[in-house]
Participant: 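Structure below; questions to follow.
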Protein chains: 2
Amino acid sequence: MKPQDQSSADPASKEHLRLWLRLLKINRLVEAELRERLRLSFGTTLPRFDVMSALYRNPKGMKMSELSRLLMVSNGNVTGIVDRLTEDGFMLREAVPGDRRAARVRLTRNGIAEFERQAAAHEEWVSELLGGLSPEDTRRMADDLGTALTLDRKDADDA
Amino acid sequence: MKPQDQSSADPASKEHLRLWLRLLKINRLVEAELRERLRLSFGTTLPRFDVMSALYRNPKGMKMSELSRLLMVSNGNVTGIVDRLTEDGFMLREAVPGDRRAARVRLTRNGIAEFERQAAAHEEWVSELLGGLSPEDTRRMADDLGTALTLDRKDADDA
DNA sequence: GTCTGAAATTTTAAGCTTGAAATAAAAATG
DNA sequence: CATTTTTATTTCAAGCTTAAAATTTCAGAC
């Protein structure tokens, strides 16, 4: 497994670039649609949904740094989003016994209920938006991406 | 719904959701890496690269609204990015004869030269980052995404 | 011509995002 | 212990992004 040589006429790099442009495009299409629907249906945003989703899967709460690493966004970014979600009563910061630097964040009862409504709609929307892909294509592509991701390192979780 | 249980009864939507989460993940990984490298190597950003790329492919220039539509970002967004790239001397606004509302933007000679340097590196980086995918997987996935995209809505551009 | 509505662009306010600097507390070192 | 280093988080400045409002100009109806 050696690095590929880099000729500007390398056909493999052209194919990779073609794939990358399509990944980018479908991502933008789906994200734009999800953002619009989250806004209209729930008055929320994708980053807020992502944070609530992470906390929903971790009912005991997560430290800010854990959230930041899982979502692959900066620490300061998480601070702001959690601030606003806390103001809205969907989550709260708790002290971590034995470490006065850290903060543990978890969903409130209200936040759990709200996220469950959002998640149900979200799953339907995603399936609708990717509906052009057959079940076989869907599964195969997810598997292919899985191998690409493991080779790329840095994959933390994954079912 | 209990915490931890986000599944619906529909297995197809489950698979679509799984694929979507992986698309998101690889997108974030690759974008984070490209952003970092563009910053360190060229002192620029992904949105700036995208705008320059669009203009490079349209040497006669594009109207702001055309840029906005092609890149799938808002009008106001394009305004700010073009403003800053213009200050840097990489592009300029020209009047459109017969329509005093519109502005045509095109790369300067300097902008063309700068983009060519960036694009060469960019193509290598993308190929390196997607290197975990074999040529066959790469081609098949790009084709599958192509069909998903045509079904998803109108796709304007290329092959 | 004048009006009215549509189109192209910019402006604005709010939120998202980053990288870097600042705080603060824990851990390691001597 | 005191000092240094590392870790967790927040703050900050700059840029990105959107949706909505405001401007300016065009084009069609009258």
Side-chain angles (χ1 to χ4, degrees), chain A residues 24 27-29 31-52 61-88 90-105, chain B residues 24 27-29 31-52 61-88 90-105:
Chain A
L24 221 42
N27 231 274
R28 286 185 187 178
L29 274 172
E31 281 202 346
E33 194 61 33
L34 292 178
R35 185 189 313 118
E36 167 92 348
R37 295 185 186 191
L38 281 173
R39 183 176 63 89
L40 294 178
S41 298
F42 301 109
T44 193
T45 65
L46 273 169
R48 287 164 60 101
F49 179 84
D50 288 344
V51 169
M52 293 184 73
M62 299 178 75
K63 291 196 297 180
M64 298 296 280
S65 47
E66 292 174 332
L67 265 175
S68 168
R69 185 161 16 88
L70 176 66
L71 302 177
M72 292 192 279
V73 299
S74 66
N75 280 337
N77 190 353
V78 175
T79 295
I81 296 168
V82 168
D83 282 351
R84 285 181 286 272
L85 283 167
T86 298
E87 280 179 20
D88 293 343
F90 293 140
M91 54 189 56
L92 46 83
R93 284 180 169 87
E94 291 173 322
V96 173
D99 190 342
R100 274 177 297 180
R101 296 168 302 179
R104 182 168 295 279
V105 190
Chain B
L24 265 184
N27 231 275
R28 286 186 187 179
L29 273 172
E31 281 203 344
E33 193 63 32
L34 292 178
R35 184 190 312 120
E36 167 94 347
R37 296 185 186 190
L38 280 174
R39 183 176 62 89
L40 294 178
S41 296
F42 301 109
T44 193
T45 66
L46 274 169
R48 288 164 60 101
F49 180 84
D50 289 343
V51 169
M52 293 183 74
M62 299 178 76
K63 291 196 296 180
M64 296 296 281
S65 48
E66 293 174 332
L67 265 175
S68 168
R69 184 160 18 86
L70 176 65
L71 301 178
M72 293 192 278
V73 298
S74 67
N75 280 338
N77 190 353
V78 175
T79 295
I81 296 168
V82 168
D83 282 352
R84 285 180 286 272
L85 282 167
T86 298
E87 281 179 18
D88 293 343
F90 293 141
M91 54 188 56
L92 45 83
R93 283 179 171 86
E94 291 173 322
V96 173
D99 191 342
R100 273 177 298 183
R101 298 169 301 181
R104 183 168 294 278
V105 190

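In what follows, every heavy atom counts, from backbone to side chain, and hydrogens, waters and symmetry copies are set aside.
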Participant: Can you figure out which of dG15(C), dA8(C), dA25(C) approaches the side chain of D99(A) most closely?
Facilitator: dA25(C)
Participant: How long is the line joining CZ of R35(B) and C1' of dA20(C), in whole Å?
Facilitator: 15 Å
Participant: If you measure only the distance, is there a donor-acceptor pair under 3.5 Å linking the side chains of R37(B) and S41(B)?
Facilitator: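 S41(B) and R37(B) do not have a side-chain donor-acceptor pair below 3.5 Å.
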Participant: For the side chain of E36(A), starting at C-beta, report the closest nucleotide among dT18(D), dG19(C), dA19(D).
Facilitator: dA19(D)
Participant: Are T45(A) and dT18(D) close enough that a side-chain N or O sits under 4.0 Å from OP1 or OP2?
Facilitator: no
Participant: Among the nucleotides dT17(C), dC26(D), dT9(C), which one has an atom lying closest to any side-chain atom of S65(B)?
Facilitator: dT9(C)
Participant: Which part of the nucleic acid does R93(A) contact within heavy-atom distance under 4.0 Å: base, sugar-phosphate only, or nothing?
Facilitator: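 Sugar-phosphate only.
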Participant: Name the nucleic acid region contacted by R48(A), choosing base, sugar-phosphate or nothing; use a 4.0 angstrom heavy-atom cut-off, strictly under.
Facilitator: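 Sugar-phosphate: the residue R48(A), judged by heavy atoms under 4.0 Å, touches backbone atoms but no base.
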Participant: Quickly work out the R37(A) CZ to dT18(D) P distance and round it to whole Å.
Facilitator: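 Rounded to the whole Å, the gap is 17 Å.
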Participant: Measure from the side chain of K63(A), starting at C-beta and using heavy atoms only, and say which of dA6(C), dT9(D), dA19(D) lies closest.
Facilitator: dT9(D)
Participant: Of I81(B) and N75(A), whose closest DNA chain D nucleotide lies nearer the 5' terminus?
Facilitator: N75(A)
Participant: Looking at dT10(D), dT18(D), dG19(C), which one has an atom nearest to any side-chain atom of S74(B)?
Facilitator: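 When the side chain of S74(B) is considered, dT18(D) is the closest of dT10(D), dT18(D), dG19(C).
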Participant: Taking the side chain of P47(A) as its heavy atoms from C-beta onward, which of dA8(C), dT10(D), dC16(C) lies nearest to it?
Facilitator: dC16(C)
Participant: Under 4.0 Å from OP1 or OP2 of dC16(D): is there any side-chain N or O of N77(B) that close?
Facilitator: no
Participant: Per the atom types in the model, does the base of dA7(C) pair as donor or acceptor with the side chain of R101(B) at under 3.5 Å?
Facilitator: yes
